[in-house]
There are 2 protein chains.
Amino acid sequence: MKIGGVAKRTGASVRSVRHYEKVGLIRATRDENGYRDFDETDVLLVRRIGRMIRLGFTTEEIATFLNCIVDDPATVTACPKVAAAHRLKLAAIERQMADLETRRQKLLITLKAASGQDDTSVPETPVHAETSPISLAHPHNAGARRLFRRRG
Amino acid sequence: MKIGGVAKRTGASVRSVRHYEKVGLIRATRDENGYRDFDETDVLLVRRIGRMIRLGFTTEEIATFLNCIVDDPATVTACPKVAAAHRLKLAAIERQMADLETRRQKLLITLKAASGQDDTSVPETPVHAETSPISLAHPHNAGARRLFRRRG
DNA sequence: CTTGACCCTGACATTGATGTCAGGGGTTAC
DNA sequence: GTAACCCCTGACATCAATGTCAGGGTCAAG
């Protein structure tokens with residue numbers, strides 16, 4: 001199967017499949033004309049890589065445990081590298097969530113401080129707000145916009 | 001005050017202060033020798049910019065409402081632009097949190113599927129798991145590591 | 001006059017998967 | 001033979017704040 005077929009079957013772009021090969025996640029034999037040749041096993045692998053990436057793993061991380069991914073769903077994390085990588089990623093995600101939660105609380109405080117809105121429910125994690133919402137007038141900053149490149 | 005003084009007083013780097021000026025968030029007069037000259041007002045503004053950035057605003061976003069930031073903490077979001085920007089950011093953060101939560105649940109499922117660990121409590125948001133943890137053997141991916149640049 | 005501590009501008013690097021373009025070739029059907 | 005697809009490699013762009021380097025001034029103290 002050529003690369004276009006893999007792309008079609010996996011949902012990955014041709015560009016991405018080439019990228020996965022370049023970083024060593026997949027391997028392809030070559031036809032006489034230089035075209036990559038894949039089989040059904042590669043399709044499954046590319047699908048799995050896509051799932052991993054959507055979970056937040058980088059290709060570099062995936063590479064560290066790709067060689068111990070096994071066919072039996074029951075032994076998923078049986079290989080310690082896989083389990084370790086998953087636990088690390090889990091911890092990283094929870095750190096990110098905590099950071100986002102902090103920022104969320106500060107935004108809520110700022111919003112609540114000004115407008116007497118009551119639809120901002122602010123559930124768990126009570127905050128002790130030394131956040132000092134907004135202040136400071138600075139008269140000369142009117143024309144600040146549009147110094148930025150726009151996406152072409 | 002010269003740029004080094006601003007940096008020292010705000011915690012921002014000299015590089016960052018120059019950057020804020022370049023994108024129009026602050027303005028500096030120039031001494032005869034070309035050196036930037038700042039006053040105490042600029043120090044307060046740079047501190048505020050730093051806080052905004054830590055909240056997750058980009059300088060481009062900050063620029064859209066910087067000119068309506070006022071000195072009175074009670075009127076924080078009195079300027080509609082500020083409130084709108086904060087609500088947008090809040091919504092974006094909540095989307096990110098939801099995405100992270102989804103990924104977290106999938107990671108937990110995968111981990112739970114293999115090791116009979118019980119310290120993974122999995123609290124709220126029950127998941128309907130069509131996640132298909134891990135599978136697929138691929139014998140020829142042993143030498144995948146170290147194709148990546150290392151940071152020097 | 002030299003040293004050291006500042007300041008200046010401009011430019012490149014970082015992160016990482018992916019899009020996209022340039023320039024070139026293969027394969028197939030008409 | 002030519003149009004229409006597909007493939008190849010290599011390279012640049014994306015996002016955004018910040019670090020860092022090169023190459024060059026300014027200025028005060030010794």
Side-chain angles (χ1 to χ4, degrees), chain A residues 1-26 28-38 42 46-64 66 89 92 96 99 103 144-152, chain B residues 1-26 28-38 42 46 48-64 89 92 96 99 103 144 147-152:
Chain A
M1 184 191 329
K2 282 175 289 183
I3 198 170
V6 175
K8 203 161 296 177
R9 250 162 274 208
T10 60
S13 67
V14 168
R15 175 70 174 83
S16 291
V17 176
R18 288 204 192 101
H19 181 59
Y20 300 156
E21 189 201 27
K22 178 162 292 186
V23 299
L25 292 184
I26 57 178
T29 57
R30 298 289 180 137
D31 291 342
E32 291 175 1
N33 55 17
Y35 290 10
R36 291 170 182 81
D37 183 42
F38 299 93
D42 298 308
V46 169
R47 285 202 189 117
R48 173 153 311 287
I49 292 168
R51 251 174 272 142
M52 294 303 206
I53 283 177
R54 266 171 264 125
L55 267 183
F57 289 100
T58 67
T59 56
E60 185 164 14
E61 288 167 340
I62 296 169
T64 65
L66 189 67
K89 186 56 66 181
Q96 287 179 65
D99 177 58
R103 285 157 53 190
R145 288 152 301 281
R146 293 291 61 95
L147 288 169
F148 302 88
R149 269 163 291 159
R150 65 206 69 237
R151 332 160 213 140
Chain B
M1 183 193 324
K2 282 176 290 183
I3 196 169
V6 175
K8 202 161 296 175
R9 249 162 275 210
T10 61
S13 68
V14 168
R15 175 71 174 82
S16 292
V17 176
R18 289 204 191 101
H19 182 60
Y20 300 157
E21 190 201 25
K22 179 162 291 185
V23 300
L25 292 184
I26 57 178
T29 57
R30 296 292 181 134
D31 292 340
E32 291 174 1
N33 55 17
Y35 289 11
R36 290 171 182 80
D37 183 41
F38 300 93
D42 297 308
V46 169
R48 174 154 310 288
I49 291 166
R51 252 176 271 142
M52 294 302 207
I53 283 177
R54 266 170 263 127
L55 267 183
F57 289 101
T58 66
T59 55
E60 185 164 16
E61 288 166 340
I62 296 170
T64 65
K89 186 55 66 181
Q96 287 180 65
D99 177 58
R103 285 157 53 191
L147 288 168
F148 303 89
R149 268 164 292 159
R150 67 205 68 237
R151 337 164 208 134

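To find a chain, count down the sequence lines: A is the first, B the second, and so on, and within it residues start at 1.
- In this structure, A:E60 atom CD and C:dA17 atom P are separated by 8 Å, rounded to whole Å.
- Closest non-hydrogen pair, A:R18 versus A:I3, comes out as CG-CD1, 3.3 Å.
- Close to C:dA17, at under 4.0 Å from its OP1 or OP2, lies a side-chain N or O of A:H19.
- The CD1 atom of B:I62 sits 12 Å away from the P atom of D:dA16 (whole-angstrom rounding).
- Between the C1' atom of C:dA5 and the NZ atom of B:K8 lies a distance of 10 Å, rounded to the nearest Å.
- Protein atom CD of B:E61 is 13 Å distant from nucleotide atom P of D:dC15, rounded to whole Å.
- Remark: of the listed residues B:K2, B:E21, B:M1, B:E21 is the sole one forming a side-chain contact (heavy atoms from CB on, under 4.5 Å) with B:R36.
- Judged purely by atom type and a 3.5 angstrom limit, A:K89 uses its side chain to pair as donor or acceptor with the backbone of A:G56.
- Note on A:R30: a side-chain N or O is less than 4.0 Å away from OP1 or OP2 of D:dT9.
- Residue B:R36 places no side-chain N or O under 4.0 Å from the OP1 or OP2 atom of C:dC6.
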>> I need a per-nucleotide contact map over nucleotides 19-26 of chain D, read 5' to 3'. Cutoff is protein heavy atoms under 4.0 Å; write B for the base, S for backbone only, - otherwise.
In response: BB----BB
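- Counting to the nearest Å, the P atom of C:dG16 and the NZ atom of A:K22 are 17 Å from each other.
- The distance from atom CG of A:D31 to atom P of C:dG25 is 19 Å, rounded to the nearest whole Å.
- Using a 4.0 Å heavy-atom distance criterion, A:Y20 is classed as a sugar-phosphate-only contact.
- Of all non-hydrogen atoms in B:V14 and B:G4, the two that sit nearest each other are CG2-CA, 4.3 Å.
- At whole-Å resolution of the value, NZ in A:K89 and P in C:dG16 are 9 Å apart.
- Nearest heavy atoms, A:S13 versus A:A7: C-CB, 4.1 Å.
- Checking C:dT18, C:dC7, D:dT18 against every side-chain atom of A:I53, the shortest atom distance belongs to C:dT18.
- The closest side-chain heavy-atom distance from A:Y20 to A:I62 is not below 4.5 Å.
- When the side-chain nitrogen and oxygen atoms of A:T59 are compared with OP1 and OP2 of C:dA17, one or more of them lie within a distance under 4.0 Å.
- Considering only heavy atoms from C-beta on, B:E60 stays 4.5 Å or farther from B:V23 through its side chain.
- In this structure, the CG atom of B:L25 is 10 Å from the P atom of D:dT18, given to the nearest Å.
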